K.L.:
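Below: one structure in structure tokens.
Just so we're clear, the structure is a prediction, and the values are computed from it rather than from any experiment.
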Amino acid sequence: MKKKEMTTANTAKNTAKTNRWEKGKSGNPSGRPAGSRNKASLATENMFLDEADRLSRKCIKLAMKGNIQALKLCIERICPVRRDTPIRVQLPRVKTIEDSVKLTTDLLDKVAAGELTPSQGELLSRMIEKHIKVLQLNDLEARLQQLEERLENS
């Protein structure tokens with residue numbers, strides 16, 4: 001065996017010995033409590049809490065003087081971007097897989113008419129797709145039960 005090959009083989013043996021803990025098990029099961037925080041983080045947070053009012057006023061003054069970064073920060077804090085807006089839309093109720101055709105047609109019509117944005121339509125169609133999968137599973141379970149009953153009765 002060459003020297004390099006021997007070193008690699010020895011390293012593999014040593015690595016196996018150094019892993020003392022089972023995979024997924026902590027070496028300190030009663031370690032740091034959940035939700036506990038680092039002392040430095042707490043100290044920094046407390047420092048800013050004490051000065052929050054003065055810092056906010058300073059930022060507003062800078063924004064009023066035309067500092068674009070301060071203005072951006074103030075606007076982001078006062079009016080955060082809405083990530084999701086509720087919508088009200090009437091859609092047919094889906095009880096069977098066959099009903100889903102009517103539902104998707106109505107959804108496409110509402111997007112085409114501008115009643116829903118394309119992204120809202122896409123989100124709703126994904127929700128519909130998941131609902132259809134639930135209906136399919138429910139249908140398969142009912143069929144399976146019927147087949148099992150037939151086998152037991154024959």
Side-chain angles (χ1 to χ4, degrees), residues 1-97 99-100 103-104 106-142 144-145:
M1 211 185 240
K2 293 181 182 176
K3 187 176 182 179
K4 188 174 184 180
E5 291 175 15
M6 285 178 54
T7 306
T8 307
N10 290 338
T11 305
K13 281 184 182 178
N14 291 339
T15 305
K17 290 179 184 177
T18 59
N19 294 336
R20 295 179 291 189
W21 312 113
E22 291 180 37
K23 190 173 184 176
K25 300 270 182 160
S26 170
N28 185 5
S30 61
R32 186 179 209 153
S36 65
R37 308 221 8 236
N38 185 318
K39 289 180 185 177
S41 298
L42 289 171
T44 305
E45 188 176 299
N46 287 334
M47 182 177 68
F48 279 107
L49 284 176
D50 294 342
E51 302 296 330
D53 192 44
R54 284 183 40 198
L55 288 170
S56 298
R57 290 177 203 271
K58 179 71 174 178
C59 187
I60 291 169
K61 283 181 185 176
L62 289 170
M64 296 300 283
K65 288 181 181 177
N67 183 316
I68 300 299
Q69 292 296 335
L71 180 61
K72 183 179 176 187
L73 181 65
C74 289
I75 289 174
E76 286 173 350
R77 298 294 178 224
I78 295 168
C79 310
V81 177
R82 286 185 84 173
R83 300 197 188 278
D84 197 10
T85 56
I87 57 172
R88 291 188 186 271
V89 61
Q90 291 292 333
L91 295 171
R93 190 144 179 92
V94 177
K95 293 182 181 178
T96 65
I97 296 170
D99 294 341
S100 64
L103 179 60
T104 55
D106 281 5
L107 183 62
L108 286 171
D109 289 345
K110 290 185 185 302
V111 171
E115 295 176 40
L116 294 173
T117 66
S119 59
Q120 289 170 333
E122 181 184 5
L123 180 62
L124 284 170
S125 69
R126 279 191 258 140
M127 293 171 72
I128 291 166
E129 183 180 350
K130 289 178 183 178
H131 184 65
I132 290 169
K133 286 181 181 179
V134 169
L135 291 173
Q136 288 172 335
L137 285 172
N138 194 25
D139 187 41
L140 284 172
E141 183 180 357
L144 184 61
Q145 284 180 345

K.L.:
Look at Asp106 together with Lys110 and state whether they make a salt bridge at an N to O cut-off of under 4.0 Å.
P.N.:
no
K.L.:
Considering all heavy atoms of both residues, which atom of Leu42 and which atom of Arg37 are nearest to each other, and what is their separation?
P.N.:
CD2-NH1, 3.7 Å
K.L.:
Do Cys74 and Ile60 touch side chain to side chain, with heavy atoms closer than 4.5 Å?
P.N.:
yes
K.L.:
Working to the nearest 0.5 angstrom, can you tell me the gap between Glu51 CD and Ser56 OG?
P.N.:
11.0 Å
K.L.:
With side chains defined as the heavy atoms from C-beta onward, is the minimum distance between Leu103 and Ile132 less than 4.5 Å?
P.N.:
no
K.L.:
Rounded to the nearest 0.5 Å, how far apart are CD of Glu115 and CD of Gln90?
P.N.:
10.5 Å
K.L.:
Hey, what do you get for CG (Asn138) to CD1 (Ile97), rounding to the nearest 0.5 Å?
P.N.:
9.0 Å
K.L.:
Out of curiosity, Ser125 OG to Lys130 NZ, how far, rounded to the nearest 0.5 Å?
P.N.:
10.5 Å
K.L.:
Decide yes or no for Leu137 and Glu141: does some side-chain heavy atom of the first lie under 4.5 Å from some side-chain heavy atom of the second?
P.N.:
no
K.L.:
How close do Gly121 and Leu107 get, heavy atom to heavy atom, and via which atoms?
P.N.:
O-CD2, 3.6 Å
K.L.:
Please report the interatomic distance CD1(Ile128) to NZ(Lys133), rounded to the nearest 0.5 Å.
P.N.:
13.5 Å
K.L.:
Check for a donor-acceptor pair, side chain of Asp99 on one end and backbone N or O of Thr96 on the other, with a separation under 3.5 Å.
P.N.:
yes
K.L.:
How far apart are the C-alpha atoms of Ile87 and Leu124, what are their side-chain angles, what is the distance that settles it, and do they pass the side chain to side chain contact (heavy atoms under 4.5 Å, CB included) test?
P.N.:
CA-CA 11 Å; Ile87 57 172; Leu124 284 170; 3.9 Å; yes
K.L.:
Of the non-hydrogen atoms in Gln120 and Thr117, which two are nearest, and what is the gap between them?
P.N.:
OE1-N, 2.9 Å
K.L.:
What's the separation between atom CG in Asp109 and atom OG1 in Thr104, rounded to the nearest 0.5 Å?
P.N.:
9.5 Å
